[in-house]
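Here's the structure we're looking at; comments come further down.
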Amino acid sequence: MAIQTITWISAFLCLVQVFSMPMPSQREKCVFSFFQGGHFPLECLQENVFMAFPATAFATSGYLQPSSAAKAIYETLKNIDTLFGTDKLPTMWDQQKLEYFQNIIYRQIEESECMSSVDTSDYPIRAEGLKTYFGNIAAVLKEKNFSYCAWEVVRKELLYTLEFILKHTSDSLLWSNRT
């Protein structure tokens, strides 16, 4: 009888642990479904370039203010929206997923519009890192004439950026309906 009770309690505790784990929201699943089209294409390996990621732009510890990190996320979304605002998007991508991704980014910007007016003393440091990073991404696109492989480099970088934001700045996330 004691073994059976312990077994049931153990099973219950395991289920509680599994179901209490944070699950990605529907929105997060949709964002990452656009980016997870497989590995970086072999035909594009020669065009892959290193871009220094500005992790410090999203830091929330020490003297850095969390509201500045939230503003950095907002500016990141605006930069992503700007990158995809061109009419030279790759036709080889799933257009439905691309459009859905663009809509999610647009909605997040709209829902977070108040962040544009947040005034924080440490934000200029963050802004400079983001400006350089997204400037480099835009330069790769222009330099490679908005080719499919250039867009794959962009996709790789943005996937890393969005995953970093989700993993390291969840306390500053702007996504209001996160479950």
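These figures come from a predicted structure and were not determined experimentally.
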Those residues that, when tested against Glu157, pass salt bridge (charged side-chain N to carboxylate O under 4.0 Å, His left out) (two or more places apart): none

Residue Glu43 excluded, over 12 heavy atoms near CD under 6.0 Å: yes

Side-chain donor/acceptor of Asp81 to backbone N/O of Leu77, under 3.5 Å: no

Enclosure of Phe53 CZ (heavy-atom neighbours >12, cutoff 6.0 Å): yes

Atom of Ala72, atom of Ala57 and distance for their closest heavy-atom approach: CB-O, 3.2 Å

Connected via hydrophobic side-chain network under 4.5 Å: Leu83 and Tyr160: yes

Close side-chain approach of Gln108 to Asn103, heavy-atom, < 4.5 Å: no

ILVMFWY cluster, Ile80 and Tyr106 together (side-chain gap under 4.5 Å): no

Worked check of side-chain contact (heavy atoms from CB on, under 4.5 Å) between Val153 and Ile137: CA-CA 8 Å; Val153 171; Ile137 291 175; over 6 Å; no

Check: Thr76 and Phe134 side chains under 4.5 Å, non-hydrogen atoms: yes

Approximate separation, where rounding is to 0.5 Å, of Thr161 OG1 and Met51 CE: 9.5 Å

Would you mind writing out the side-chain donor-acceptor pairs for residues 139-149 within the sub-3.5 Å range, not counting sequence neighbours?
residue: Ser147; atom: OG; partner: Lys144; partner atom: O; Å: 3.4
residue: Ser147; atom: OG; partner: Ala150; partner atom: N; Å: 3.1
residue: Tyr148; atom: OH; partner: Glu152; partner atom: OE2; Å: 3.3

Atom pair CD (Gln95) and CD (Glu99), whose distance is rounded to the nearest 0.5 Å: 8.5 Å

side-chain contact (heavy atoms from CB on, under 4.5 Å) between Leu42 and Leu45, worked out: CA-CA 5 Å; Leu42 290 176; Leu45 284 178; 3.7 Å; yes

Trp93 vs Arg155, side-chain contact (heavy atoms from CB on, under 4.5 Å): CA-CA, chis, key distance, verdict: CA-CA 11 Å; Trp93 284 356; Arg155 185 169 74 135; 3.8 Å; yes

Distance (rounded to the nearest 0.5 Å) between Thr82 OG1 and Glu75 CD: 9.5 Å

From CA spacing to verdict: side-chain contact (heavy atoms from CB on, under 4.5 Å), Thr56, Arg126: CA-CA 7 Å; Thr56 56; Arg126 298 170 189 265; over 6 Å; no

Contact list for residues 83-93, test salt bridge (charged side-chain N to carboxylate O under 4.0 Å, His left out), sequence neighbours left out: none

Interatomic spacing from CG in Leu158 to CG in Leu162 - rounded to 0.5 Å: 6.5 Å

Ring centres under 6.0 angstrom apart (Phe84, Trp151): yes

